[in-house]
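Inspection log for the structure reproduced underneath, given as structure tokens.
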Amino acid sequence: MMTNLRDCRVLVTSTSYGMNDPSLRSELENLVGEVIYNPSEHPLTTAELAPLVKGIDGMIAGLDEISAEVIDSADRLKVIARYGVGLDRVDLAAAKRRGIVVTYTPGANAVSVAELAVGLMLALGRNLITADRLTKTGGWPRLKGRSLSGKTIGLIGLGAIGSHVVGMLRGFNCRIIGYDPALSREQAAALGVEWLERDDVIQQSDFLSLHLPDNAATENMFNHETLGLMKRGAYLINTARSELIEESALIEYLQSGHIAGAALDTFRHEPPGKDHPALQFDQVIATPHTGSHTDEATNRMGRMALNDCLAVLRGETPQYRVV
Ligand code: DGY
């Protein structure tokens with residue numbers, strides 16, 4: 001059904017929408033009747049979001065908890081344009097039941113997340129965060145680094161992001177192994193990856209990087225048993241979703257030194273707060289779900305989400321519809 005955009009109210013909950021290109025905000029503000037922005041600096045919980053969606057026609061959504069309760073509180077909502085690729089925090093069944101269109105931005109942030117994963121491998125192997133802290137406080141530490149050259153890098157998940165990581169690692173003179181149930185050995189080989197069974201990848205990697213979505217099959221995939229398969233002294237990088245890792249098992253293996261270090265860009269509750277147990281280790285690098293926060297990715301995600309949000313409000317077909 002066609003609506004006059006001037007009669008529409010759009011809620012933008014993504015906190016990085018228009019971060020690098022303010023024209024994305026002004027364009028939206030000039031076209032629709034009213035734009036309401038996330039009043040906080042973090043993704044919204046159900047309790048925070050449910051009151052905000054009342055009277056809203058369209059939403060450009062970040063990593064907020066868009067539960068059935070939120071969707072049921074929305075009395076005019078026609079579209080949830082997810083600014084990003086993960087759909088794990090949107091109750092798609094509830095949206096479908098209410099006839100609300102959900103769109104997303106596939107591929108828009110893949111390079112950006114892949115760059116962060118490679119950066120974190122280097123930062124872990126070379127103790128960059130510790131080196132920076134100690135040097136700035138007057139120290140001159142001789143830190144034992146580990147290079148990527150000659151090491152085995154394992155990737156779990158070889159989709160858009162995993163494949164970019166492979167391309168970026170080509171110049172590092174390392175062995176790249178990977179597992180993805182959706183890819184054959186031949187397809188992986190064409191990409192430049194040696195396809196192995198999942199547990200073999202976990203066992204053989206010096207750096208293990210996760211690139212899977214969060215769903216029923218992947219939740220807690222990296223638990224006491226599977227993390228225990230990692231090489232002693234290996235590093236774990238997670239720029240995907242925290243739900244892939246059983247937190248208590250990770251803490252235990254960091255404590256024992258079995259896992260030499262971990263880089264975590266996602267947390268079950270964001271922000272995790274300074275008392276989060278994983279943040280107590282020097283050998284853990286924590287970043288604020290920053291995988292897509294580059295000029296290129298935020299501009300692309302913003303453009304795709306804006307176009308699809310407006311398309312649905314205008315009664316047109318969006319380009320990247322999920323339900
Ligand atoms: C995604 O695309 O889901 C990223 O986590 C950022 O939103």
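Ligands are counted one by one from 1 in listed order, and the atoms in each one are counted from 1 as well. These figures come from a predicted structure and were not determined experimentally.
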Test side-chain contact (heavy atoms from CB on, under 4.5 Å) on D199 and T226; report intermediate values, then the result. CA-CA 7 Å; D199 289 356; T226 42; 4.2 Å; yes

Which protein residues have a heavy atom closer than 4.0 Å to any atom of ligand 1, listed by chain and number? L63, R82, Y83, G84, V85, G86, N109, R241, H289, S292

Measure the acute angle between the ring planes of Y235 and F207, then classify it against the limits of 30° and 60° as parallel, tilted or perpendicular. parallel

Not counting sequence neighbours, which residues clear side-chain contact (heavy atoms from CB on, under 4.5 Å) with A110? List them please. A160, I161, H164

Ring geometry between F267 and H276 (parallel below 30°, tilted from 30 to 60°, perpendicular above 60°): perpendicular

By the rule that ILVMFWY residues connect when side-chain heavy atoms come within less than 4.5 angstrom, directly or transitively, which residues belong alongside L11? I36, L44, L49, L52, V53, I56, M59, I66, V70, I71, L77, I80, V85, L87, V90, L92, I100, V102, Y104, M304, Y320, V322, V323

Set of salt bridge (charged side-chain N to carboxylate O under 4.0 Å, His left out) partners for R268, sequence neighbours left out: none

